[in-house]
Amino acid sequence: MLLRIRSPAGTARITVEPSTPGEQFAEQMLATIPKGDEQPDPSTLKLSNQPGSSGESVPFSALVGRTVGDMGFSHGDLLFLSYKPLSTPAADPQSHPKKESTSSHPHVSQPDPSHPHTHTDPPLPNTIPLTDLSHVQEPEIDVYWKSQTGKIERKRDPAFCRHGEKGMCDYCMPLEPYDAKYQAEQQIKHLSFHAHLRKLLSSRPPSSSSATELPPLDPLSLSVLNPCPTGSHAPFPAGICSTCQPSAVTLQSQTYRMVDHVEFASPNIIDGILSAWRRTGTQRIAFLIGRHDKYEKVPMGVKTVVEAVWEPKQEGELDGLTVETPWEDEERVSEIAEWCDKGLQVVGMIYTDLTPSPDDITKSIYKRHAQSFTASSLEMLLSAAYQISHPLPTKMSPTGHFSSRFVTCCLTGDQDGGIGVLAWQASEHAEAMVKAGIVEASVDPGVVRVRKPGEGEYIPEVFYSYKNEYGLQVKMPAKPTFPVEYLFVNITHGFPVDPSPLFLSNSFPTENRPGLHDQSLELVISQLSGILRKSDAEIGDTGTWPMRIKKEVEKWLSDWHLVAFLCMQGLFSL
């Protein structure tokens with residue numbers, strides 16, 4: 001096939017075969033640069049399908065071990081070769097950081113939504129070379145769904161199918177996991193993350209190999225690129241141009257979600273949080289400890305299974321709370337959670353927003369509904385900030401991570417005066433806007449404010465799109481606010497039909513409840529002694545314990561708060 005190569009030295013044509021190795025292909029492209037011209041710096045060579053920074057570019061190192069046929073090129077394609085000449089001083093390595101993403105949980109700083117400011121990113125922020133994406137450790141649930149077809153199986157339709165039991169036709173053949181008609185029939189509002197990935201990959205030619213293709217996800221960045229990739233002006237804020245400034249933002253409801261369902265392994269988890277509110281009347285917050293599993297009710301779905309909670313240091317009030325940020329014990333708690341049988345981790349947060357009804361204190365005021373708000377702007381920005389600090393590692397993104405599976409739950413009054421759970425995530429746009437310091441919370445909980453740029457700051461224009469009363473798509477400027485619903489992604493929740501919680505006991509007090517529930521080693525010994533008094537067993541000699549007592553002690557030890565307390569005391573070896 002004939003390929004056209006356009007570089008700073010001009011446009012040339014080369015002839016290759018589908019079986020031509022990537023190394024030979026690279027040599028042929030370099031041979032198009034005349035010897036009299038400035039020669040390229042090998043470390044800066046990149047190949048793209050579009051000019052400038054608008055297309056997908058790969059370094060020359062990504063061509064090693066591949067053939068031209070693997071790369072999906074067609075006869076007559078125009079490719080763009082970019083590089084820096086050897087005479088140009090090497091770029092500062094700090095301006096193009098390469099993120100070594102070998103951890104399954106990259107440590108990302110958490111932005112403070114209460115003090116937003118303009119954020120700048122280097123050109124190609126945190127981009128990982130294709131050859132290094134193989135080192136990214138993806139969660140087990142993502143590895144599982146990658147190995148599955150994800151097809152939606154259908155039975156033979158007796159009304160339309162004209163074939164036997166072993167035949168197949170258009171009326172009974174399996175559907176793709178992103179099929180729009182199936183989604184509408186089953187009232188599925190959002191695609192699952194992996195169905196969204198399959199939809200992105202479906203637009204690629206079938207001959208291309210997934211191992212050699214560029215990642216389909218493109219993480220959204222609304223930060224100013226500093227320094228500017230063109231190098232034609234002074235660094236921001238002294239200079240800015242259309243290349244380094246972020247584009248205008250048009251908000252729409254997100255069509256997919258990272259988590260499809262939140263499942264609480266036991267009602268005792270909710271009761272434990274509510275017990276503190278019932279005794280003090282002040283609000284509480286806790287971080288969810290759990291894991292991710294497949295969710296069968298949505299094609300290629302993922303659910304968060306909550307096995308326990310951890311309450312950080314906090315001060316509760318009647319209408320809110322103050323919590324430590326950053327969370328001091330997170331690293332230690334995450335380490336202990338990983339030791340658990342199913343490999344747990346921090347998967348989200350939950351807090352109360354409860355006000356007893358003045359007419360009947362046994363009921364709660366119903367204040368979160370369609371006519372008021374579901375999640376306030378302040379809560380949505382806080383959710384986005386926590387999601388940014390808990391990114392999802394994935395090979396499907398050029399940065400090695402994409403969005404987050406960190407969920408937010410709220411315990412609040414329902415329509416009947418009882419207590420219900422609301423679950424949500426902030427959208428990808430919310431994460432990008434919080435990171436870039438574009439938005440701030442409003443006094444009106446139902447709207448988000450676009451910040452006015454201060455000195456040395458840049459805030460892109462923000463629009464939101466909706467259908468008017470005539471069914472036409474209308475785009476409105478957010479001057480200066482827009483509805484918080486555009487940043488909201490709803491998640492269903494519930495309890496298992498046949499509960500099988502990992503932790504069987506909740507008799508040990510919850511941490512960080514001074515004066516209400518106090519933890520101590522004396523209490524541990526007292527509870528253990530209370531079990532052993534039921535027989536002649538000696539506390540220091542487990543050989544004298546009857547099997548019945550051993551089983552009871554084993555159940556008593558199956559308590560997240562007790563296990564975490566013992567681990568943090570440092571009295572026992574690993």
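In this chain, numbering begins with 1 at the start of the sequence shown.
Of the charged side-chain nitrogens involved, none lies within less than 4.0 Å of a carboxylate oxygen, so that E176 and R198 do not count as a salt-bridged pair. With salt bridges taken as basic N to acidic carboxylate O contacts below 4.0 Å, one links E138 and K146. By the 4.0 Å N-to-carboxylate-O rule, D157 lies too far from K155 to be salt-bridged with it.
In this structure, the side chain of N226 engages the main chain of F236 through a donor-acceptor pair within 3.5 Å. Here the side chain of R451 pairs no donor or acceptor atom with the backbone of I438 at under 3.5 angstrom. In terms of modelled atom types and a separation under 3.5 Å, the side chain of R405 and the main chain of M258 share a donor-acceptor contact. Proximity of a side-chain donor or acceptor of E307 to a complementary backbone N or O of L502 within less than 3.5 Å is detected. Judged by distance alone, with hydrogens and angles left aside, the side-chain atoms of S397 form no donor-acceptor pair with the main-chain N or O of L217 at under 3.5 Å. Of the possible donor and acceptor atoms, none in the side chain of E263 sits under 3.5 Å from a partner among the backbone N and O of K303. Formation of a donor-acceptor pair under 3.5 Å by the R156 side chain with backbone atoms of H163 is found in this model. Using modelled atom types, one side-chain atom of E457 and one backbone atom of G454 make a donor-acceptor pair closer than 3.5 Å.
Among all heavy-atom pairs drawn from L133 and P398, the shortest one is CD2-O, 4.4 Å. Here the shortest heavy-atom pairing between G400 and V136 reads O-CG1, 3.7 Å. Residues L191 and Y178 come closest through the heavy atom pair CD2-CA, 3.7 Å. Residues P177 and M300 approach most closely at CG-SD, 3.7 Å, considering heavy atoms. For the pair L225 and T243, the tightest heavy-atom approach, listed with the atom from each and the gap, is CD1-O, 4.1 Å. Considering every non-hydrogen atom in both C409 and V262, the closest pair reads SG-CG1, 4.2 Å.
Taking K342 as the reference, nothing meets the salt bridge (Lys or Arg N to Asp or Glu O under 4.0 Å) condition, with sequence neighbours excluded. Checked against salt bridge (Lys or Arg N to Asp or Glu O under 4.0 Å), K189 has no partners two or more places apart in sequence or in another chain.
Between Y386 and F406, the ring planes are parallel. Angles under 30° get that label, and only those over 60° would be called perpendicular.
Side-chain contact of H196 with Q254: a donor-acceptor pair under 3.5 Å is absent, judged by distance alone. Of the N and O atoms on the side chains of Y256 and E428, at least one donor lies less than 3.5 Å from an acceptor on the other residue. Side chains of E431 and S404: no donor on one and acceptor on the other come within 3.5 Å.
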Decide yes or no on side-chain contact (heavy atoms from CB on, under 4.5 Å) for L81 and K46, but give the supporting numbers first.
CA-CA 6 Å; L81 177 64; K46 291 183 182 294; over 6 Å; no
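No more than 12 heavy atoms of other residues, nucleotides or ligands sit less than 6.0 Å from atom CD of E140.
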Identify all side-chain donor-acceptor contacts of residues 475-492 below 3.5 Å with residues at least two apart in sequence or on another chain.
residue, atom, partner, partner atom, Å
Y486, OH, S465, O, 2.9
T492, OG1, D260, O, 3.1
T492, OG1, H261, ND1, 2.7

